[in-house]
Amino acid sequence: MALVLHDMNGLLMDLLAITLLEIFYGIASLALISLGLAIIFGMLRVINFAHGEFLMIGGFSFIMLTSAGVNMWIAMLIGAPLIVGLLGIVVERVVIRNLYGRIVETILATWGLSLFLMGAASLLFGYFQRGVSPPFGTLKIGNYQEGVYSIFVIVLAAAVYLSTYLVLRYTKLGLIARATMQNPEMASSLGVAREKVYAVTFFCGAALTGLAGAVLAPIAGVVPTSGLAYIARSFITVITGGATVIAGTGIASVLFGTVSQLTAILTRPVWGEAALLLTAVILLRFLPAGITGRYFRNGL
Amino acid sequence: MDRRSFVQGSLAAAGVLAIGGAATKARAAGPIKIGAVIDTSGPLEVFGQNKLRGLQIGVDELNEAGGLLGRQIQLVHRDTQSNNQLFAQYARELTAGERVDVVFGATTSSSREIVRPVVNRAKVPYFYNTNYEGGVCQRTTYCTSTTPAQMVEPLLPALIEKHGKKIYFLGADYNYGQISAYATKAIAKAHGAEVIGAEFFPLDASSFGATINRIQSAKPDIVHTVFVGPAHGSFWGQWASAGMVGKIPVSSQTFGLAGEQLRMPPEVSEGIYVCLNYFEEVSTPENERFLTRFKAKFGSSYGYISEASMAEYQALKLWAEAAKKSNGTDADAIERAAKAGLSVLAPSGNVLLDAKTNHCILDMSLARMSGGKFIIEKKFAGVRPSNYGDQCDLIKNPNTNKQFEPKL
């Protein structure tokens, strides 16, 4: 009897561990795909509708570089962020620069950009792209098995958030960025080159988006329309999080990741998505300025 | 009706008939036109490009052999760009503007249901050549590719015998997935097996972690899948990354139709079972001839010729055979030949039109992925299409026009 009980406990523990891992993975992937958007929105007040396509291009850059023989980790952690970051600079120069402070116009312009990038990717890469399988082996938890890559995604997301926080909080670059965002006129009269700060911020947001696209590519695969699958979730996360980049997006990711994964595990995947949307609707009804519009206002 | 208007009416009718006759004559002199509404761009190009190539090969063959009924054949293709809004427009253009003799194409069921009424109303025969949920029942519509029963009926008993009686079903959350789940349950039951779990996913679902965990706790002997679209494709990577390849055998109704195996690392696709009408690896003299011709025309970077592309070629052969038999290409002539019994020897084997349902009785091959390639393990001759509750009978009720469904 004791043995059976122990077995039951063991089984429950396994189930609990694997469920927690699933939930953490859900949070991490949501946090990763939203951070770049949050930086561009939170700091520049620009709504980038081409965010999904930035993710898609990050994924394609990773796959193209890997198949060209570049080391997988270099392609993922350096190559893809650099390519999408540079694309971000071009976009900022050509499209965004003329539209700061005009939210509706930026939405229209970046939406057009989104359609353009999707079409361009269809022409350049097509839908015949080879996949890359996730590296690392598997982790065995009792009767369950989970890819070690999921744990890598969780750790990477935590590292990215931590380093973004450290940069914004403790470096001179972060100080200048925060100052410019808080009061652009004052910062510029104190000798800060506003345009340069905007460009660098846009580069950073785009590069983080490229990184997220590359990290998720081995798991979700990439096609020219991949961005559509991410855009809604990342927007909901950022808007619900509010204007505070790290705290807001982080909290919203934790909340939505937990709700949607838990619902998906307990019921069916369809309900997971529905639960995410429902939570967002309820939250925005009571906190129209997002979570950090009321709490953690002075966070980062 | 008085006498005067009767005379006027008759005269007018005679005039129309005369003009109609002249038009038919004028058309008869030109080539026979084959209309194709096929997506050669956008997400569905993975099916469309080779579908169109299949038709081109068929047209070349006919023309080299002196054409059909003494006339050359001309293929008129419209690229529907994976966009449902274009199907109605192009179907109308082909039937009313180009006045084609027959229409081929459409990949998704939703696009077929846009094309079908337009082509049916124009009294032009329509050939739909993609595997689908089954049940379309209309006298001038011919569905020549496989239905769920044809995939599942040979596949499941073979797997049950080899691996065990507990089946877990994963499918797309719309009628193709739901109806396939129904077929899976029915066939499992008939063979003393059981479906112990069934999950359905919206087409944009790309995260399968929770499902894989549930499968790990349920410990089925077989996982049978009906995934549709690029988002669902991420299942395979996640399944492999969880170390499940080789642990529980997986079968699929859709894998390989868009040449997925060429783009997937071999360690991910290892062991997937698929039962389809056609694989490039099928060894028949007809297939050898077809492949030689295909490669000569399109080179070697065409991807993979799957059942989805082969079905277009086979449908063209079927249509040409019907036209020859009744010496005409109009809808009545094709229907007459179809009712009289129609079959062709195609690369996949014998393709026989079932006059009752306008679907095809096909030879099926069961293949298993190994080292990134399909290895054919077993062949099944003359597998019948789905006909839910025997509801479709075009011989008895030729005026039926609907899509039957099983009672779920």
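Residue numbering restarts at 1 for every chain, and letters A, B, ... go by the order of the sequence lines.
Chosen from B:Asp204, B:Ile215, B:Asn213, the residue pairing most often with chain A at heavy-atom distances under 4.5 Å is B:Asn213. Taking chain A as the reference chain and counting heavy-atom pairs below 4.5 Å, the highest number among B:Arg214, B:Glu267, B:Met244, B:Met264 is found for B:Arg214. Counting heavy-atom pairs closer than 4.5 Å to chain B, the top-ranked of the candidates A:Thr19, A:Val223, A:Ile219 is A:Ile219. Ranked by heavy-atom pairs under 4.5 Å with chain A, the first of B:Gly237, B:Pro202, B:Ser41 is B:Pro202. Contact count versus chain B (heavy atoms, under 4.5 Å) is highest, among A:Gly221, A:Ala220, A:Ala229, for A:Ala220. Of the listed residues B:Gly42, B:Ala242, B:Ala210, the one with more heavy-atom pairs under 4.5 angstrom with chain A than any other is B:Ala242.
With a threshold of 4.5 angstrom between heavy atoms, A:Thr263 does not approach chain B through any atom at all. Heavy-atom distances place both the backbone and the side chain of B:Ser217 under 4.5 Å from chain A. When heavy atoms are compared at a cutoff of 4.5 Å, B:Phe235 does not approach chain A at all. Within the 4.5 angstrom heavy-atom criterion, only backbone atoms of B:Leu262 (N, CA, C, O) approach chain A. Contact of B:Glu45 with chain A is made through backbone and side chain together, with heavy-atom distances under 4.5 Å. Heavy-atom distances place the side chain of B:Gln49, and not its backbone, under 4.5 Å from chain A. For a residue to count as touching a neighbouring chain, one of its non-hydrogen atoms must lie under 4.5 Å from one of that chain's; by this rule A:Glu22 touches chain B with the side chain only. Residue contact with chain A, scored on non-hydrogen atoms closer than 4.5 Å, involves the backbone and the side chain of B:Val46 alike.
Enclosure of atom OH in A:Tyr161 by more than 12 non-hydrogen atoms of other residues, nucleotides or ligands within 6.0 angstrom is indicated. Surrounding CH2 of A:Trp73 are more than 12 heavy atoms belonging to other residues, nucleotides or ligands, all under 6.0 Å away.
Interatomic distance, A:Gln145 CD to B:Ile212 CD1, rounded to the nearest 0.5 Å: 10.5 Å. We find the CG-CD distance between A:Leu15 and B:Gln216 to be 11.0 Å, quoted to the nearest 0.5 Å.
The two residues A:Thr138 and B:Gly243 come nearest to each other via the heavy atoms CG2-N, 3.0 Å.
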